[in-house]
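Accompanying notes for the structure given below.
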Amino acid sequence: ARLARVGGPGAIGGLKKTAFDIGSQLGISPTEIATSMQTVAAQYKNPADIKQVTTAGAQLSKLTGRDMSSSIADVISALEQLKITASDATRLVDKFAAVSTHAAVTVAQLQDAVSATGENAENAGIHFDRLNGIVAALASSTNLSGRSIATFLNRMIERSVAPENIAALDRFGIFMRSALDPTQFRSLDTVLTEVSGKWKTYTDSQQQAIAKAFVGQKQMQSFMTLMEQWKKVIDITNVSVNSQGAAQKQLKGLLDTTATSLGKLRAAFEELASILGTGWIKPMVDGLTDLFQWLNKIESKFNILSNLP
């Protein structure tokens with residue numbers, strides 16, 4: 001019944017099939033997919049957009065290990081903050097996946113930082129691919145979590161437009177305001193790129209003073225690390241730009257597990273149950289669930305034994 005209500009009149013059949021398709025591909029219950037679709041449909045009315053956002057949420061859920069509802073909420077929030085259309089929702093996950101693999105950081109770290117920074121960064125002139133690069137470079141070079149990196153970035157964005165910090169940066173030839181129109185701020189991305197290019201020409205005391213102006217005393221080391229890693233930021237930015245299909249590649253390895261096989265089987269039986277009715281099929285699903293859980297335990301034990309010397 002829940003599947004039948006997804007998507008509204010005129011799109012029920014297509015969205016119901018989409019729920020089963022996503023569930024069978026990723027090993028997620030179609031009922032769980034359908035529930036998430038209802039959340040998406042409350043915001044997006046176009047069936048194609050609902051499919052894209054739901055697919056992106058399901059991919060993000062598998063990549064981060066987080067539940068569908070929070071993953072869907074994260075995707076919707078990121079699309080709004082970064083001003084990305086729903087039709088490009090899966091590209092968002094592609095970018096996370098490609099950067100995660102390239103920089104040896106987790107998708108969860110990237111997503112956590114972006115979800116708490118995206119809109120501020122966009123308004124400051126840091127586009128999503130650059131933000132992805134900055135977060136990944138810091139995450140791979142420090143022990144900072146995604147949330148901690150977000151705190152650092154939000155602080156830098158806030159301080160970079162404060163009058164006293166603008167004046168402090170002016171003394172080093174670092175100009176936050178436009179020369180043509182002093183009422184307008186320059187892109188923070190452009191300013192950071194310029195500072196990184198001159199970073200090694202500054203003395204240690206000058207570097208510390210610049211870092212303090214941008215982020216304050218407590219975050220100075222993270223800013224200095226960012227400047228030292230700016231070439232890596234550029235490299236990762238390019239990876240993010242050229243990331244089409246990366247999520248599917250990363251998911252391919254994750255989906256080759258007994259647990260996912262069980263999920264795919266359950267998805268197939270849910271689809272069959274929706275056609276034939278649940279009266280006779282539920283006991284079979286429950287029985288197969290017990291069997292696969294037992295096999296999963298056996299597989300885990302053999303994995304442990306295979307790692308012994």
Side-chain angles (χ1 to χ4, degrees), residues 74-75 77-85 88-89 91-100 102-103 105 107-142 144-162 165-166 169 174-179 181 183-199 210-216 219-243:
D74 287 338
V75 169
S77 174
L79 293 177
E80 291 176 346
Q81 289 189 57
L82 299 165
K83 300 176 178 62
I84 297 173
T85 62
D88 287 328
R91 289 286 293 118
L92 181 80
V93 186
D94 277 341
K95 291 173 185 294
F96 282 146
V99 168
S100 166
H102 181 81
V105 298
V107 171
Q109 280 178 299
L110 298 171
Q111 190 277 319
D112 283 347
V114 169
S115 67
T117 314
E119 186 172 10
N120 288 341
E122 190 74 21
N123 291 338
I126 300 176
H127 61 78
F128 175 58
D129 292 307
R130 178 69 88 217
L131 178 60
N132 228 4
I134 290 173
V135 173
L138 281 173
S140 63
S141 304
T142 68
L144 294 174
S145 67
R147 295 293 181 187
S148 296
I149 293 172
T151 299
F152 161 78
L153 289 172
N154 283 328
R155 184 168 179 78
M156 178 171 63
I157 292 166
E158 180 183 357
R159 287 180 61 88
S160 67
V161 295
N165 299 321
I166 292 174
L169 293 170
I174 301 168
F175 304 113
M176 292 303 306
R177 294 187 183 277
S178 168
D181 183 359
T183 65
Q184 298 296 314
F185 289 102
R186 301 172 67 213
S187 159
L188 185 54
D189 183 13
T190 299
V191 174
L192 292 175
T193 300
E194 290 175 356
V195 174
S196 69
K198 298 185 291 184
W199 190 247
I210 293 168
K212 185 177 180 180
F214 269 112
V215 295
Q219 300 276 12
M220 282 171 50
Q221 188 55 54
S222 294
F223 182 86
M224 295 170 76
T225 298
L226 179 61
M227 290 297 96
E228 291 162 2
Q229 297 294 323
W230 198 255
K231 285 186 178 180
K232 180 185 284 190
V233 170
I234 295 172
D235 175 49
I236 299 173
T237 298
N238 291 331
V239 170
S240 184
V241 170
N242 301 297
S243 58

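This one's a predicted model, so the numbers in the text were calculated from it and none came from an experiment.
For Asp94, there are no side-chain hydrogen bond (donor to acceptor under 3.5 Å, both in side chains) partners two or more places apart in sequence or in a different chain. Scanning for side-chain hydrogen bond (donor to acceptor under 3.5 Å, both in side chains) contacts around Asp112 gives Arg66, with sequence neighbours left out. The side-chain hydrogen bond (donor to acceptor under 3.5 Å, both in side chains) check on Ser145 picks up Ser148, with sequence neighbours excluded. In this view, Gln219 satisfies the side-chain hydrogen bond (donor to acceptor under 3.5 Å, both in side chains) rule with no residue, not counting sequence neighbours.
Pairing each heavy atom of Phe175 with each of Arg186, the nearest pair is O-NH1, 2.8 Å. Closest approach of Ile236 and Gly133 over heavy atoms only: CG2-CA, 3.7 Å. Of all the heavy atoms in Ile126 and Arg130, the pair that sits closest is CG2-CG, 3.9 Å. The two residues Ala97 and Val107 have their closest heavy-atom pair at CA-CG2, 4.3 Å. When all heavy atoms of Lys95 and Val241 are compared, the closest pair comes out as NZ-CA, 4.0 Å.
Of the possible polar contacts, one joining the Thr225 side chain to the Gln221 backbone as a donor-acceptor pair under 3.5 Å is found. Side chain of Ser243 to backbone of Ser240: a donor-acceptor contact under 3.5 angstrom is found.
For Phe96 and Phe128, the ring centers are positioned less than 6.0 Å apart.
Rounded to the nearest 0.5 angstrom, Ser140 OG and Gln109 CD are separated by 9.0 Å. Summarising the geometry, atom CG belonging to Leu82 is positioned 9.5 Å from atom CG belonging to Asn132; distances are rounded to the nearest 0.5 Å. To the nearest 0.5 Å, atom CG of residue Leu110 and atom CD1 of residue Ile134 are 12.5 Å apart. With rounding to the nearest 0.5 angstrom, the OG1 atom of Thr193 is 9.0 Å from the CG atom of Leu188. Atom CD1 of Ile174 and atom CD1 of Ile166 lie 12.5 Å apart (nearest 0.5 Å). With rounding to the nearest 0.5 angstrom, the CZ atom of Phe185 is 14.5 Å from the OG1 atom of Thr190.
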Exercise. Before giving the answer on side chain to side chain contact (heavy atoms under 4.5 Å, CB included), spell out for Leu144 and Ser222 the whole-Å C-alpha distance, their side-chain angles and the decisive distance to 0.1 Å.
Key: CA-CA 9 Å; Leu144 294 174; Ser222 294; 3.6 Å; yes

Quiz item: side chain to side chain contact (heavy atoms under 4.5 Å, CB included) between Phe152 and Val135: does it pass, once the steps are laid out?
Solution: CA-CA 10 Å; Phe152 161 78; Val135 173; over 6 Å; no

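Considering Met176, Lys212, Met156, Arg159 as possible partners of Asn165, the one that fulfils the side chain to side chain contact (heavy atoms under 4.5 Å, CB included) test is Arg159.
Under 3.5 Å, the side chains of Thr183 and Arg177 contain no donor-acceptor pair of N or O atoms.
At least one side-chain heavy atom of Ile210 sits under 4.5 Å from a side-chain heavy atom of Phe223. Between Leu153 and Leu131 there is a side-chain heavy-atom pair separated by less than 4.5 Å. Side chains of Ser196 and Gln229 form no contact here, defined as non-hydrogen atoms less than 4.5 Å apart.
Glu194 CD: more than 12 foreign heavy atoms inside a 6.0 Å radius.
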Residues 116-125, side-chain donor-acceptor partners within the protein, below 3.5 Å, at least two apart:
{"from": "Thr117", "atom 1": "OG1", "to": "Ala113", "atom 2": "O", "distance (Å)": "2.6"}
{"from": "Asn120", "atom 1": "ND2", "to": "Asn154", "atom 2": "OD1", "distance (Å)": "2.9"}
{"from": "Asn123", "atom 1": "ND2", "to": "Glu119", "atom 2": "O", "distance (Å)": "3.3"}

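Screening residues 226-241 for salt bridge (Lys or Arg N to Asp or Glu O under 4.0 Å) gives no qualifying pairs among residues at least two apart or on separate chains.
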